[in-house]
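Input: a single structure, listed below in structure tokens.
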Amino acid sequence: MENFKRESIVPLPVAFISTISENGIRNIAPYSCFMPVLRPFDLVCVASAKRRDTLDNLKSTGEFVINMPGTDMADKVIPTASHVPPDVDEFELAGLKEKPSKKDQGSRN
């Protein structure tokens, strides 16, 4: 992209993608490379430059949650971006409170 065009979309919004491993370990990571493919969020595209626990958990369980944090949660992004062993509960690491997820009623699955 030409510089003047690239700068018009930076900084990108950050979403939290949370997963749970097969062993029950909670994982949460910030992603800015995501986008809806179908609405209402029936299909999303997520890109990751490196293999992370999020991808491993998603593949093994088939489940994930996307949340859009507000600016009041900016201090939670850095701890969740840290590369930690898969057995670390990243919700605890970042001081985040987990809430049960709800399946979107518009979902096809």
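- Separating the CZ atom in Arg51 from the CG atom in Asp56 is a distance of 4.5 Å, to the nearest 0.5 Å.
- Between the side chains of Asn27 and Thr54, at least one donor-acceptor pair of N or O atoms lies under 3.5 Å.
- Ion pairing between a basic and an acidic side chain is recognised when a charged N comes within 4.0 Å of a carboxylate O; Glu98 and Arg26 show such pairing.
- For the atom pair CG (Asp53) and CD1 (Ile20), the distance works out to 13.5 Å, reported to the nearest 0.5 Å.
- Closest non-hydrogen pair, Ala94 versus Thr80, comes out as CB-CG2, 3.6 Å.
- For the pair Ile25/Glu90, no side-chain contact is recorded, criterion being any heavy-atom separation below 4.5 Å from C-beta on.
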Worked verdict on Val46 versus Ile17 for side-chain contact (heavy atoms from CB on, under 4.5 Å): CA-CA 10 Å; Val46 176; Ile17 298 179; 3.8 Å; yes
Q | Worked verdict on Phe16 versus Met68 for side-chain contact (heavy atoms from CB on, under 4.5 Å) | A | CA-CA 6 Å; Phe16 281 133; Met68 298 297 295; over 6 Å; no
**Message:** What verdict does the side-chain contact (heavy atoms from CB on, under 4.5 Å) test give for Glu63 and Leu58, after you've listed the backbone C-alpha separation in whole Å, the side-chain angles of each residue and the deciding distance to 0.1 Å?
**Reply:** CA-CA 6 Å; Glu63 296 182 1; Leu58 194 151; over 6 Å; no
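- Of all non-hydrogen atoms in Val84 and Leu93, the two that sit nearest each other are CG1-CD2, 3.9 Å.
- Summarising the geometry of Asp75 relative to Pro79, their closest heavy-atom pair is O-CD, 3.3 Å, with the distance given to 0.1 Å.
- Atom CZ in Phe64 sits 10.5 Å away from atom OG1 in Thr19 (nearest 0.5 Å).
- Taking each heavy atom of Pro69 and Ala15 in turn, the nearest pair found is CD-CA, 4.1 Å.
- Tyr31 and Phe34 get closest at one heavy-atom pair: O-CD2, 3.6 Å.
- At least one side-chain heavy atom of Leu96 sits under 4.5 Å from a side-chain heavy atom of Met73.
- For the atom pair NZ (Lys99) and OG (Ser18), the distance works out to 12.5 Å, reported to the nearest 0.5 Å.
- Smallest separation of non-hydrogen atoms from Pro30 and Val14: CB-CG1, 3.5 Å.
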